[in-house]
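Heads up, the thing below is written out as structure tokens.
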Amino acid sequence: GDLDVQSNAITSSTGAVNIKPNGTSSAIVEVSDAGSTGPTLELYHNSASPAALDLSNAIYFYGKDSVGNKQVYGGIEQYINDPTSTTEDSWLRVSIERAGVFEQMLDIGVDSSLNAMNGVTVGESGSAAILQSKGNNDLTLRTGNATTGTITITDGANGNINIAPN
């Protein structure tokens, strides 16, 4: 339904709705039923002409920079790859601000040429991608098959890297 407060519809001539909590409060969406599903946020781009490469939905994270300017620091974007009914494809992109540039760091569902795939593309085009485990832990790449298809990358005490396929 429509958004309203105390039976007063919230409308805007620009189409934007701003929610500004008082003080340091957070904007909270809460569901208080006993069911197993919590709140759902639905973003719906009701386009009359959806097309490949459309930025269908996005969430951006802002803060201030050192001189008080509003600055984007991160974002999650969802793109349409193929809007054809029954064969729809899309992908997600995660971007961050680095050295004053908004960079694409992770694409899920497309390769570096924006071709649909079942996979993940990491890094941005200007430097090497890094996939790192947190702490003193090995990195294991695993397929969906429980009995085969693992590669374990181990950093030995002497600094040597060992790659061990299953």
Side-chain angles (χ1 to χ4, degrees), residues 3 14-19 26-29 31 36-67 69-156 159-166:
L3 180 61
T14 64
V17 175
N18 291 321
I19 300 172
S26 298
I28 298 171
V29 177
V31 173
S36 62
T37 303
T40 300
L41 176 63
E42 180 178 312
L43 305 177
Y44 174 43
H45 181 205
N46 189 3
S47 173
S49 57
L53 304 182
D54 278 1
L55 172 57
S56 186
N57 296 287
I59 300 171
Y60 296 107
F61 306 94
Y62 289 87
K64 287 188 175 183
D65 65 14
S66 63
V67 296
N69 297 314
K70 181 179 177 182
Q71 176 65 47
V72 63
Y73 282 100
I76 302 169
E77 301 167 331
Q78 179 269 314
Y79 291 86
I80 294 174
N81 208 21
D82 176 6
T84 307
S85 183
T86 72
T87 63
E88 300 91 340
D89 290 314
S90 67
W91 82 89
L92 286 177
R93 172 170 286 157
V94 177
S95 300
I96 62 168
E97 186 76 9
R98 187 161 72 182
V101 177
F102 197 60
E103 294 183 347
Q104 305 159 1
M105 299 304 292
L106 175 69
D107 284 336
I108 302 170
V110 293
D111 65 17
S112 60
S113 299
L114 302 183
N115 297 310
M117 66 174 233
N118 294 326
V120 175
T121 304
V122 296
E124 51 89 20
S125 61
S127 61
I130 297 171
L131 185 59
Q132 177 179 336
S133 65
K134 192 116 175 142
N136 267 346
N137 300 303
D138 296 338
L139 178 64
T140 301
L141 308 175
R142 181 174 295 148
T143 67
N145 186 330
T147 59
T148 62
T150 62
I151 298 172
T152 301
I153 302 171
T154 308
D155 181 5
N160 293 337
I161 301 295
N162 181 37
I163 299 177
N166 181 0

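Remember, it's a predicted structure, so these values are computed and weren't measured experimentally.
Between Phe102 and Val72 the shortest heavy-atom distance is CE1-CG2, 3.7 Å. Shortest non-hydrogen contact noted between Pro83 and Pro50 is CG-O, 3.7 Å. Considering all non-hydrogen atoms of both residues, Leu55 and Tyr60 come closest at CD2-OH, 3.8 Å. The two residues Trp91 and Leu53 have their closest heavy-atom pair at CH2-CD2, 3.6 Å.
Counting heavy atoms from C-beta on, the side chains of Arg98 and Met105 come closer than 4.5 Å. Side-chain contact check for Phe61 versus Ile96: every heavy-atom pair is 4.5 Å or farther apart.
In this structure, OG on Ser90 lies 8.0 Å from CG on Asn81, to the nearest 0.5 angstrom. With values rounded to the nearest 0.5 angstrom, Tyr62 atom OH is found 15.0 Å from Lys64 atom NZ. A distance of 9.0 Å separates CG in Asp107 from CD in Glu77, rounded to the nearest 0.5 Å. In this structure, CD1 in Ile76 is found 10.5 Å from CG in Leu43, a value given to the nearest 0.5 Å. From Asp82, atom CG reaches atom OG1 of Thr87 across 4.0 Å, with rounding to the nearest 0.5 Å. With rounding to the nearest 0.5 angstrom, the CD atom of Glu97 is 8.0 Å from the CD atom of Glu103.
Between Asp54 and Ser56, the side chains place no donor N or O within less than 3.5 Å of an acceptor N or O (distance only, hydrogens not considered).
With hydrogens and angles ignored, the 3.5 Å screen pairs no side-chain donor or acceptor of Asn69 with any backbone N or O of Gln71.
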